[in-house]
Amino acid sequence: MTVARPIVFLTDFGVEDEFVGVCKAVVAGIAPDASVIDLTHAIPPQDVLAGALTLARAAPYLPADAVVLAVVDPGVGTARRPIAVEAAAGPILVGPDNGLLSLAWEVLGGVRQALVIENDDLFRRPVSATFHGRDVFSPVAAHLAAGLALEEVGSAVSGGGLVRVGVPAPVVGDGRIEARVLSVDRFGNVQLNVRPQHLATAGLGDAVTVDPYTLRRVASYADVGPRELAFLVDSSGWLAVVANGGSAAVALAVGRGDAVILTPPAGV
Amino acid sequence: MTVARPIVFLTDFGVEDEFVGVCKAVVAGIAPDASVIDLTHAIPPQDVLAGALTLARAAPYLPADAVVLAVVDPGVGTARRPIAVEAAAGPILVGPDNGLLSLAWEVLGGVRQALVIENDDLFRRPVSATFHGRDVFSPVAAHLAAGLALEEVGSAVSGGGLVRVGVPAPVVGDGRIEARVLSVDRFGNVQLNVRPQHLATAGLGDAVTVDPYTLRRVASYADVGPRELAFLVDSSGWLAVVANGGSAAVALAVGRGDAVILTPPAGV
Amino acid sequence: MTVARPIVFLTDFGVEDEFVGVCKAVVAGIAPDASVIDLTHAIPPQDVLAGALTLARAAPYLPADAVVLAVVDPGVGTARRPIAVEAAAGPILVGPDNGLLSLAWEVLGGVRQALVIENDDLFRRPVSATFHGRDVFSPVAAHLAAGLALEEVGSAVSGGGLVRVGVPAPVVGDGRIEARVLSVDRFGNVQLNVRPQHLATAGLGDAVTVDPYTLRRVASYADVGPRELAFLVDSSGWLAVVANGGSAAVALAVGRGDAVILTPPAGV
């Protein structure tokens, strides 16, 4: 007896309507013993970057046999391609070729094999023009969870030909980084579009100022002192401003998309 | 080995409290290997019509062996009957006899068999007066998912004796329909209480005006042009106003229950 | 073939971020056939008492083989201990030793066996300082659901050495109780920090006044008359003010934490 692969499900559908449930009903009709894990359905509508960042943060914790079903798809009904990507670490990612999956496959060791989904025998027919989540992505993910060979879903393409999400680059100067907030989580941690190498390029090091605060670089949350703001490199490789006993986002008065300026520590 | 039937679960309980989880715990105690699919728990409190319309929209996508567990039950504790209905297409629907299930069984080919739930050996005892979701409907659905024969839940009744939900009728005149909004989904699609035959009766055809817009009738979402408002017959058989690139509800400035007037296209 | 024990999951994580889904992914990697039942993830952040009360309300409905995974953990990263407690009625409770589990094990017949979780072979490494839900509690609960003997998770401790949640005591005088609202559910039922013995001590009996209302004591919701406010002893043993046809919380204009004064019925 083969156990079905678990499906990890992320969308921007919300849970007020029946859309998520309908996709799961379609999965249940194809792969009755596949478990479906909701990662979140609260991605802001059509925000591919937010979805890609969320998938990337979750990627290190996925079972190696997971099938990721991800649908944030502003291009549904256009020529954007549906894809299935096997990452080097094992999980298969199913979704639109709009960059949504691209940060996750980077975290998962890169692309081992990529296919454009073309086998419409797998689809729910008729395929609506607006709900490929239900008619294309859910049934394909369900067939893969039930054991279908990846090669059966379509034609191989090179990983290099896939769309990657454009994370906005910070403006890096001498002793100054103009960053953007990528995300704020429920605990108020502030993820920035800054990689450690940007710090090096700007000549910034173990402490930075985000006016009026001076933040110490720490290795992990455990090193943040009481009522301290600090920064660290999070599990996706981004700089994050974090607090111990409060919300870094509230302290900095920032939300997603806002600018954050990093400068050398005051008095240095 | 028989696999349990999947349970598709819809309520107005919300997910802030523990009510949905408690019902699932009761199910797990009876049918440990039945999967439970949340359709939605965000039906407006006690809004039987909204619940019925949501179930009807989802019905075409249910596995044939699904057990629908639906609880929107303003009459709990009164004489309203608990029922289990097998639809011609296969699914069994469990819930109160207040019309909640009636639009779904229509979509599913009508009533094959209907029973009033009376076998209190199946219930969780003591049965509370206010939470039949936990004490009556969840355990009965769980037993059915685990393989109990439908006949075991109670006494047969004729489908004609069941309560049907009253969808408010539009006011149809010559060249004019006064419609109501049945629902608005997250994407802004506006479902109206209008059937294609109402259009024919009013002498309206392939285009209508919803002041100030003229809407073309399309066969599917795929036929809607960029930044166009159009109308179509949705999968539940209702007219829906839809947009390409935006929300039809925002364009029309309407929400659930609001009036929408359809007239002939301007200049015709 | 042994079926995995079901995991009943309660947190204050919300479902906007990926935290709950990441914990479930960790569970799926260890116990692929364990079902996870979301009790709720909407406990107010770091509100241990609210989480404890919710678990206690749900406890009577849990399967005897349930593994409760509960994380409301303001002391994460401090010396507070992770624990696993087997209740007399069967369920195993996994979470922080901060009182979160204590009201549930009381409802479940008390502590049969308690252990401090110490076996870090079970943990996800590296263990973060801030997310023991993912790195400690989820994997331990998953191993227990998959059949690990409870003794394997750590060292036995006496139940008497565990932290219990401090429910604020009412101020009980002669003919008067100054109570607090413990919780209000979606239906407006108002749970008070009052046990039946407090009523006896105050000399209050089958009716009380909560100005300007006089409330009759009823045995169950079924005994509440139309448009009546009444009180009863709920399934967790607390007094609750309930209404038939409306919200008791709205009628009393109270929310969680507010004071409610009980006095003898007017005219008595």
Side-chain angles (χ1 to χ4, degrees), chain A residues 1 3-4 6-7 9 11-38 40-47 71-79 123-136 138-139 142 145-146, chain B residues 1-10 14-15 20 33-44 50-51 53-66 68 90-91 104 183-189 191 218-224 226 232 234-236 242-245 247:
Chain A
M1 175 179 151
V3 173
I7 294 175
F9 194 17
T11 73
D12 63 348
F13 296 167
V15 293
E16 302 293 301
D17 301 305
E18 72 277 12
F19 303 126
V20 167
V22 163
C23 288
K24 290 180 183 175
V26 169
V27 167
I30 295 167
D33 57 352
S35 63
V36 180
I37 295 169
D38 296 303
T40 181
H41 301 289
I43 301 298
Q46 310 205 332
D47 190 333
V71 189
V72 180
D73 194 14
V76 65
T78 70
F123 300 171
R124 195 185 182 286
R125 251 90 57 100
V127 173
S128 82
T130 53
F131 200 175
H132 287 192
R134 180 190 64 203
D135 297 334
V136 175
S138 289
Chain B
M1 175 179 151
T2 315
V3 174
R5 300 170 70 139
I7 293 174
V8 176
F9 194 17
L10 171 141
V15 293
V20 166
D33 57 353
S35 63
V36 180
I37 296 170
D38 295 303
L39 195 54
T40 180
H41 300 289
I43 301 299
L53 289 164
T54 301
L55 278 181
R57 285 194 302 271
Y61 308 102
L62 301 182
D65 65 346
V68 172
S183 73
V184 174
D185 70 22
R186 178 174 168 97
F187 300 106
N189 299 315
Q191 191 181 46
V218 296
S220 79
Y221 293 93
D223 302 324
V224 186
L232 49 72
D234 72 15
S235 63
S236 302
V242 301
N244 182 335
S247 158

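Residue numbering restarts at 1 for every chain, and letters A, B, ... go by the order of the sequence lines.
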Audit row: B:Ser183, B:Gln191, side-chain hydrogen bond (donor to acceptor under 3.5 Å, both in side chains) steps and yes/no: CA-CA 5 Å; B:Ser183 73; B:Gln191 191 181 46; 3.0 Å; yes
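- Using a 4.5 Å cut-off between heavy atoms, B:Leu39 touches chain A through backbone and side chain atoms alike.
- Proximity to chain A is absent for every atom of B:Val36, based on heavy atoms less than 4.5 angstrom apart.
- Counting heavy-atom pairs closer than 4.5 Å to chain A, the top-ranked of the candidates B:Ala66, B:Ala42, B:Ser35, B:Pro6 is B:Ala42.
- For A:Phe131, no part lies near chain B; criterion is any non-hydrogen pair under 4.5 Å.
- Inter-residue side-chain proximity for A:Asp12 and A:Pro44 is flagged as unmet; no heavy-atom pair is nearer than 4.5 Å.
- Options B:Val8, B:Leu10, B:Thr54, B:Asp185 differ in how many heavy-atom pairs under 4.5 Å they form with chain A, and the most are formed by B:Asp185.
- Put simply, the side chain of A:Arg124 reaches to within 4.5 Å of the side chain of B:Tyr61, judged on heavy atoms.
- With rounding to the nearest 0.5 Å, the separation of CG in B:Asp33 from CG in A:Asp33 is 10.5 Å.
- Between chain B and the residues A:Val27, A:Asp17, A:Val26, A:Val76, the most heavy-atom pairs under 4.5 angstrom are made by A:Asp17.
- A salt bridge does not link B:Asp234 with B:Arg57: none of the charged nitrogens is closer than 4.0 Å to a carboxylate oxygen.
- Here A:Phe9 and A:His41 bring their ring centres to under 6.0 angstrom of each other.
- In this structure, the portion of A:Val15 lying under 4.5 Å from any heavy atom of chain B is its backbone and not its side chain.
- Neither the backbone nor the side chain of A:Pro126 comes within contact range of chain B; no heavy atom of the residue lies under 4.5 Å from a heavy atom of that chain.
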